[in-house]
Amino acid sequence: MSKQDAVVSEIEIGAPPEAVFRALTDSKELFAWWGTEPSVDLKRFDMDARVGGRWSFEGSDTAGRPVNGVTHFEAHGEIVEMVPPRLLAYTWIANWHDDPKQRTLVRWELEETKTGTRVRVTHSGLARLDVARKDYTGGWPGVLKLLEKSMATSS
């Protein structure tokens, strides 16, 4: 996978893989932790956690930082792989992409460690989405920090 095609972010979280996986697949938990992002007013985050299930979210920019001119963010896709509590992968189609119809792939890999879980998120299919790829380079590490903070407060 070309470095230009994918953004990879990784973090170690002090919670078991089962708890982290639940935070990635339960609509209420997703809304609770992803919604703490200070620059986005999250309206909804829906997840039908099964292979073939659909997911979607919607939110608005609150920091005056549009991406590709978009300030009302919508993304959706379909779950293509799911191996609880180790792997979740879904397609990702977002209205702020350089090409809003371009399908990309988000893959979450969870590995148990002595102190919790190593979480790696890989967002691929970004080779022709220069603006989006640059945004995700900073965005995914921030999302992982939100997840980490949420897991620390729920323990």
Side-chain angles (χ1 to χ4, degrees), residues 3-15 17 19-50 53-80 82 85 87-110 116-155:
K3 189 173 187 178
Q4 292 296 310
D5 181 68
V7 171
V8 180
S9 296
E10 197 170 303
I11 197 168
E12 185 149 343
I13 295 177
V20 176
F21 193 82
R22 188 172 47 256
L24 294 172
T25 57
D26 180 270
S27 293
K28 288 179 186 174
E29 288 197 35
L30 279 161
F31 185 83
W33 68 264
W34 203 300
T36 62
E37 164 60 50
S39 65
V40 175
D41 177 21
L42 191 64
K43 305 292 185 197
R44 63 180 180 78
F45 204 129
D46 301 315
M47 173 74 70
D48 180 6
R50 61 183 175 82
R54 309 285 302 164
W55 72 272
S56 63
F57 80 77
E58 178 181 2
S60 297
D61 169 54
T62 62
R65 289 184 287 164
V67 180
N68 271 331
V70 175
T71 58
H72 182 81
F73 306 115
E74 295 181 24
H76 67 276
E78 179 180 339
I79 297 172
V80 295
M82 189 166 147
L87 174 68
L88 175 67
Y90 44 78
T91 59
W92 178 284
I93 301 165
N95 71 330
W96 65 88
H97 282 177
D98 312 48
D99 174 358
K101 292 183 170 102
Q102 173 80 36
R103 182 183 314 225
T104 60
L105 184 72
V106 172
R107 181 180 177 90
W108 296 89
E109 298 169 275
L110 283 60
T117 306
R118 179 172 297 110
V119 180
R120 171 184 246 179
V121 60
T122 303
H123 193 157
S124 60
L126 301 170
R128 292 182 285 141
L129 302 173
D130 294 337
V131 173
R133 185 177 60 249
K134 181 179 179 196
D135 183 57
Y136 291 128
T137 299
W140 283 116
V143 168
L144 289 176
K145 288 288 188 189
L146 295 175
L147 176 59
E148 177 187 40
K149 185 177 179 183
S150 167
M151 299 309 301
T153 59
S154 68
S155 304

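This one's a predicted model, so the numbers in the text were calculated from it and none came from an experiment. These numbers come from the heavy atoms of this one structure, side chains and all, not from hydrogens, waters or symmetry mates.
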Under 6.0 Å from the CZ atom of Arg103, do we count more than 12 heavy atoms belonging to anything else shown? no
Among Trp92, Phe21, Trp140, which residue meets the ring pair (Phe, Tyr, Trp, His ring centres under 6.0 Å) test with Trp108? Trp140
Under 4.5 Å between any side-chain heavy atoms of Pro85 and Arg22, yes or no? no
Is any side-chain heavy atom of Trp33 closer than 4.5 Å to one of Val143? yes
Okay, side chain of Asn68, backbone of Trp96: is any donor-acceptor separation there less than 3.5 Å? yes
Side chains of Ile79 and Asp48: does their closest heavy-atom pair fall under 4.5 Å? no
Any donor-acceptor N/O pair, Ser27 side chain to Met47 backbone, under 3.5 Å: yes
Is there a donor-acceptor pair under 3.5 Å between the side chain of Ser39 and the backbone N or O of Thr62? no
Between the main-chain N or O of Leu24 and the side-chain N or O of Trp34, is there a donor-acceptor pair closer than 3.5 Å? no
Does the Asp5 side chain pair with the main chain of Ser124, one donor and one acceptor, at a distance under 3.5 Å? no
Beyond-backbone contact of His72 with Glu58, side-chain heavy atoms, under 4.5 angstrom: yes
Measure from the side-chain N and O atoms of Asp61 to the backbone N and O of Val70, and report whether any donor-acceptor pair falls under 3.5 Å. no
Taking the side chain as everything from C-beta on, heavy atoms only, tell me whether Thr122 gets closer than 4.5 Å to Glu109. yes
Taking Val8 as the fixed residue, which of Arg107, Arg120, His123 is the one that meets the side-chain contact (heavy atoms from CB on, under 4.5 Å) rule? Arg120
Check for a donor-acceptor pair, side chain of Thr36 on one end and backbone N or O of Ala32 on the other, with a separation under 3.5 Å. no
So, does Thr117 use its side chain to make a donor-acceptor pair with the main chain of Ile13 at under 3.5 Å? no
Can you check whether Lys43 reaches Phe73 side chain to side chain, under 4.5 Å on heavy atoms? no
When you look at CZ of Arg54, are more than 12 heavy atoms from neighbouring residues, nucleotides or ligands closer to it than 6.0 Å? yes
